[in-house]
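Hydrogens, waters and symmetry mates are skipped; everything else that's a heavy atom, side chains included, is used. Residue numbering restarts at 1 for every chain, and letters A, B, ... go by the order of the sequence lines. Remember, it's a predicted structure, so these values are computed and weren't measured experimentally.
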2 protein chains.
Amino acid sequence: MKNYIQDLNKAFENRIRLGIMSILMVNDSVEFSTLKEMLDITDGNLASHIAALEKIEYVNVTKQFIGKKPNTTYTVTKAGKKAFNEHLDALEKLLKNRD
Amino acid sequence: MKNYIQDLNKAFENRIRLGIMSILMVNDSVEFSTLKEMLDITDGNLASHIAALEKIEYVNVTKQFIGKKPNTTYTVTKAGKKAFNEHLDALEKLLKNRD
DNA sequence: TAGTTTAACTTTGCGCTACAAAGTACTTTT
DNA sequence: AAAAGTACTTTGTAGCGCAAAGTTAAACTA
């Protein structure tokens, strides 16, 4: 049996980061507040997980003003998409393995 | 968007426990040493993860002697199978979600 | 214009987790 | 008698996850 466990990405082990990525993969751009609501977590917690994904360059941040309000949106980077897809492939193989 | 994140099982968040379960799901009974080799981790680490799965009754342990050697084998319980399948369902839904 | 609110953080602090390494118990092999 | 094998348990450390509180800057509010 090949060891697909090694191919799982540590960055996506946490459920919240898994959630962030799965949302960003199917939405071009998502706001901080939207993510916060979807995931139902505290803003601090979200910020720290996003920061982790930003640091490894899986997620891009865009800060702007919409009207008078600050607005932060996130997108997944090319590297992030690749890494996430590889993670899903590894997951799939791991779980379908029947040696 | 329904929050499938909540349906993910904390017990399976760790990659090693995910690996243990995925192996036990498709093999009736697996030895300690086999698991250790397949997962390529230290025996202490494996023992502690197995202990966690045992404690919540997702895994059964059987100790016996084969010839002169002690032999410990593990099987997944009914509850373990159910929990793992539910976890996989949640994963699938989370990742396929396109709202 | 002082005080409150909103958005998006950052910092703090604590409890929990993961892991390697070392120690243990019992047995077998040398 | 000593070494090795099986399956742990214990120890110690570093890191993580999270809520809560603190921060910044701009914007309404009285």
Nearest whole Å is fine: how far is [N] [atom2] from [X] [atom1]?
| X | N | atom1 | atom2 | result |
| --- | --- | --- | --- | --- |
| Leu39(A) | dC18(D) | CG | C1' | 14 Å |
| Ile50(B) | dT9(D) | CD1 | C1' | 15 Å |
| Asn71(A) | dA27(D) | CG | C1' | 16 Å |
| Leu8(B) | dG17(D) | CG | C1' | 16 Å |
| Asn45(B) | dT9(D) | CG | C1' | 13 Å |
| Asp43(A) | dG22(D) | CG | P | 14 Å |

Next item on the list: Give a yes or no on this: more than 12 heavy atoms of other residues, nucleotides or ligands lie within 6.0 Å of atom CD of Glu13(A).
Entry: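 It does: Glu13(A) CD has more than 12 such atoms within range.
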Notebook entry, point to check: When you look at Thr75(B) and Asp28(B), which way does the side chain to side chain contact (heavy atoms under 4.5 Å, CB included) test go after all the steps?
Noted result: CA-CA 6 Å; Thr75(B) 54; Asp28(B) 280 0; 5.8 Å; no
Next item on the list: Output yes when at least one side-chain N/O atom of His49(A) is less than 4.0 Å from OP1 or OP2 of dC16(D), else no.
Entry: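 So the side-chain polar atoms of His49(A) never come under 4.0 Å of the phosphate oxygens OP1 or OP2 of dC16(D).
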Notebook entry, point to check: For Ile50(B) and Ile20(B), what are the C-alpha separation, side-chain angles and deciding distance, and is it a side chain to side chain contact (heavy atoms under 4.5 Å, CB included)?
Noted result: CA-CA 8 Å; Ile50(B) 288 270; Ile20(B) 292 170; 4.1 Å; yes
Note to self: For a quick check under 3.5 Å, do Asn27(B) and Tyr74(B) share a side-chain donor-acceptor pair by atom type?
What the structure shows: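 Note: Asn27(B) and Tyr74(B) side chains miss the donor-acceptor criterion.
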Notebook entry, point to check: Taking for each residue the nucleotide of DNA chain C with the nearest heavy atom, is it Phe32(A) or Lys10(A) whose nucleotide lies nearer the 5' end?
Noted result: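 Its nearest nucleotide being more 5', the pick is Phe32(A).
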Next item on the list: Could you say whether Asn14(B) or Ser33(A) is positioned toward the 5' end of DNA chain C, judged by the nucleotide with the nearest heavy atom to each?
Entry: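 First, find each residue's nearest nucleotide; the 5'-ward one identifies Ser33(A).
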Item checked: Test of ring centre spacing under 6.0 Å for Phe84(A) and Phe12(A) ->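 Judged by ring-centre distance (under 6.0 Å), Phe84(A) and Phe12(A) do meet the cut-off.
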Assign [X] to base, sugar-phosphate, or nothing according to its heavy-atom contacts below 4.0 angstrom with the strands shown.
| X | answer |
| --- | --- |
| Lys36(B) | nothing |
| Arg15(B) | nothing |
| Ser48(A) | nothing |

Checklist line | Positional range of nucleotides in DNA chain C within the contact set of chain B, heavy-atom, under 4.0 Å | finding: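 It runs dA18(C) to dT28(C).
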Next item on the list: Might you work through the side chain to side chain contact (heavy atoms under 4.5 Å, CB included) test for Leu91(A) and Leu8(A), ending with a clear yes or no?
Entry: CA-CA 7 Å; Leu91(A) 252 186; Leu8(A) 293 175; 3.9 Å; yes
Next item on the list: Let me know, please, whether Pro70(A) or Ile16(A) comes out on the 5' side of the other along DNA chain D by nearest nucleotide.
Entry: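 First, find each residue's nearest nucleotide; the 5'-ward one identifies Ile16(A).
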Notebook entry, point to check: Do Leu53(B) and Val76(B) have side-chain heavy atoms sitting under 4.5 Å apart?
Noted result: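 Sidechains of Val76(B) and Leu53(B): no contact.
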